[in-house]
Amino acid sequence: MRASMGEKWFYVINNIVLALLGLTCLFPLINTIAIAFSDTAAIEAGRVSFYPVGWNTEAFTSLFTGTPIVGAFQNSVVITVIGVILSMAATIMTAYPISRRIFYGRRFFTLAMVFTILFSGGLIPTYLVVKSLGLMNSYFAIWLPSLVSTYNLLVMRTFFENIPSEVDDASRIDGCSELAYLLRIVLPLSMPVIATLTLFYGVAYWNTFLPVLIYIQDTGRFNLTVLVQNMIQSQNLLQELVNSGITSGVQANVVPESLKAAGVLVVVLPMLAVYPFLQKFFVKGVMLGSVKG
């Protein structure tokens, strides 16, 4: 069908608005990249906008040699990788039973999980529970309270429900057990939603901030998000780098703004690098696993 004139104008205006909104998200990142690679004099003079002025990579050299950012990066990887594995395993093992119509009490358990979207225990009760379980200064204090996202759980449950019942019947005739049906039939068919929810969990764990700040007391176990936030708030960042072993000659080539911009890029770039590999599953996974009317 050919689009009417009104529909064509709608598509044009819609694309323009979406492009402008996309640029408002992209411009801060471009400016951060420009500051991270610009010369000190240009940054101090305020001449850096959307492209580097006077190419300079000293900020990254100082960042990796004068701050514990390498250790924080490793901590972020540990938190993200193990957290995603635990969360995906728990989400699959929870979503599969409540997607089965033969499961007694599936409606009750589904409503109980939806209830947690509307009401939660709150920050102080959660802290007291974590402390009473002896999880302070442990990454399990980050993984266990956020092990399953109810939204992700409902998306996966709906995806499982949309698998044709004929597939189940055929697998039963072939002698498949419940576990074999899940591992050999359901999960291979569910790769789009698995990839999508892996991305959701990965971004959430990578950007974890408040739980690390509350439950982790050892600064050597801080992740990138907390470390970079502390760097951004620091008013004497450059002097701290000089005192930590960086020579005073850095003062001439690096300013705190470029160090902070470099730290922000180290946090952002890993997720930007992973996203293109999962993007093709993103829309398909969410749409197929969304709630059907």
Side-chain angles (χ1 to χ4, degrees), residues 25 27-38 40 43-44 46 48 52 56-84 123-124 126-127 130-131 135-146 201-274:
C25 298
F27 281 159
L29 178 61
I30 296 175
N31 179 252
T32 301
I33 296 173
I35 292 175
F37 289 101
S38 292
T40 299
I43 297 174
E44 291 179 334
V48 180
N56 182 15
T57 60
E58 189 65 38
F60 289 93
T61 303
S62 301
L63 184 69
F64 284 102
T65 57
T67 69
I69 197 164
V70 175
F73 184 88
Q74 294 173 345
N75 295 337
S76 291
V77 171
V78 170
I79 292 173
T80 302
V81 172
I82 298 179
V84 167
L123 181 60
I124 294 177
T126 303
Y127 174 83
V130 170
K131 186 176 181 180
L135 300 177
M136 297 298 293
N137 205 33
S138 168
Y139 289 150
F140 282 98
I142 301 171
W143 295 325
L144 293 183
S146 56
Y201 279 124
V203 172
Y205 279 116
W206 184 264
N207 294 327
T208 298
F209 173 72
L210 191 59
V212 176
L213 206 59
I214 294 175
Y215 302 126
I216 305 299
Q217 289 118 10
D218 182 5
T219 57
R221 298 173 64 85
F222 281 174
N223 62 347
L224 271 177
T225 310
V226 174
L227 179 65
V228 171
Q229 188 268 348
N230 291 340
M231 291 171 53
I232 292 174
Q233 286 192 336
S234 175
Q235 300 299 320
N236 302 305
L237 176 61
L238 194 57
Q239 187 60 44
E240 292 174 4
L241 287 179
V242 173
N243 294 338
S244 66
I246 301 297
T247 61
S248 58
V250 173
Q251 184 77 31
N253 300 320
V254 179
V255 291
E257 286 73 16
S258 62
L259 285 169
K260 295 171 183 177
V264 171
L265 288 182
V266 173
V267 175
V268 172
L269 289 180
M271 286 295 105
L272 291 180
V274 170

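All residue numbers in this chain count up from 1 along the given sequence. Below, each value reflects all heavy atoms present in this structure, side chains not excepted, and no hydrogens, waters or symmetry copies. In this text the structure is predicted, and so the values were computed from the model without any measurement.
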* To do: Can you label the angle between the Phe64 ring and the Phe60 ring as parallel, tilted or perpendicular, going by 30° and 60°?
  => parallel
* **Parallel, tilted or perpendicular: ring planes of Tyr215 versus Tyr127, cut at 30 and 60 degrees** => parallel
Considering only heavy atoms from C-beta outward, does the side chain of [X] approach that of [Y] to under 4.5 Å?
| X | Y | result |
| --- | --- | --- |
| Tyr139 | Ile82 | no |
| Val212 | Thr225 | no |
| Phe73 | Val70 | no |
| Trp206 | Ile79 | no |
| Tyr205 | Ser146 | yes |

Shortest non-hydrogen separation from [X] to [Y] and the atoms involved:
| X | Y | answer |
| --- | --- | --- |
| Phe222 | Val226 | CD1-CG1, 3.6 Å |
| Val228 | Gly263 | CG2-O, 3.6 Å |
| Thr126 | Pro145 | CG2-CB, 4.5 Å |
| Met136 | Lys131 | CG-CA, 3.9 Å |
| Thr208 | Ala204 | OG1-O, 3.0 Å |
| Ala262 | Ala36 | N-CB, 3.9 Å |

* Asked: Is the number of heavy atoms from other residues, nucleotides or ligands under 6.0 Å of Leu272 CG greater than 12?
  -> yes
When you measure from the side chain of [X] to the backbone N and O of [Y], does any donor-acceptor pair fall under 3.5 Å?
| X | Y | value |
| --- | --- | --- |
| Thr80 | Val203 | no |
| Asn137 | Asp218 | yes |
| Asn75 | Gly71 | yes |

* Structure fact -> side chain to side chain contact (heavy atoms under 4.5 Å, CB included) with Val267: of Asn223, Ile69, Leu224, only one passes, and it is Leu224
* Asked: Which value, rounded to the nearest 0.5 Å, describes the distance between Gln229 atom CD and Lys260 atom NZ?
  -> 11.0 Å
* To do: Would you please test Ile214 and Leu123 for side-chain contact (heavy atoms from CB on, under 4.5 Å) and show each step?
  => CA-CA 10 Å; Ile214 294 175; Leu123 181 60; 3.6 Å; yes
* Asked: After noting the C-alpha distance and the side-chain angles of Thr219 and Leu227, does the key distance pass the side-chain contact (heavy atoms from CB on, under 4.5 Å) rule?
  -> CA-CA 9 Å; Thr219 57; Leu227 179 65; over 6 Å; no
* To do: Could you go through the side-chain contact (heavy atoms from CB on, under 4.5 Å) check for Leu135 and Leu144 one step at a time?
  => CA-CA 10 Å; Leu135 300 177; Leu144 293 183; 3.8 Å; yes
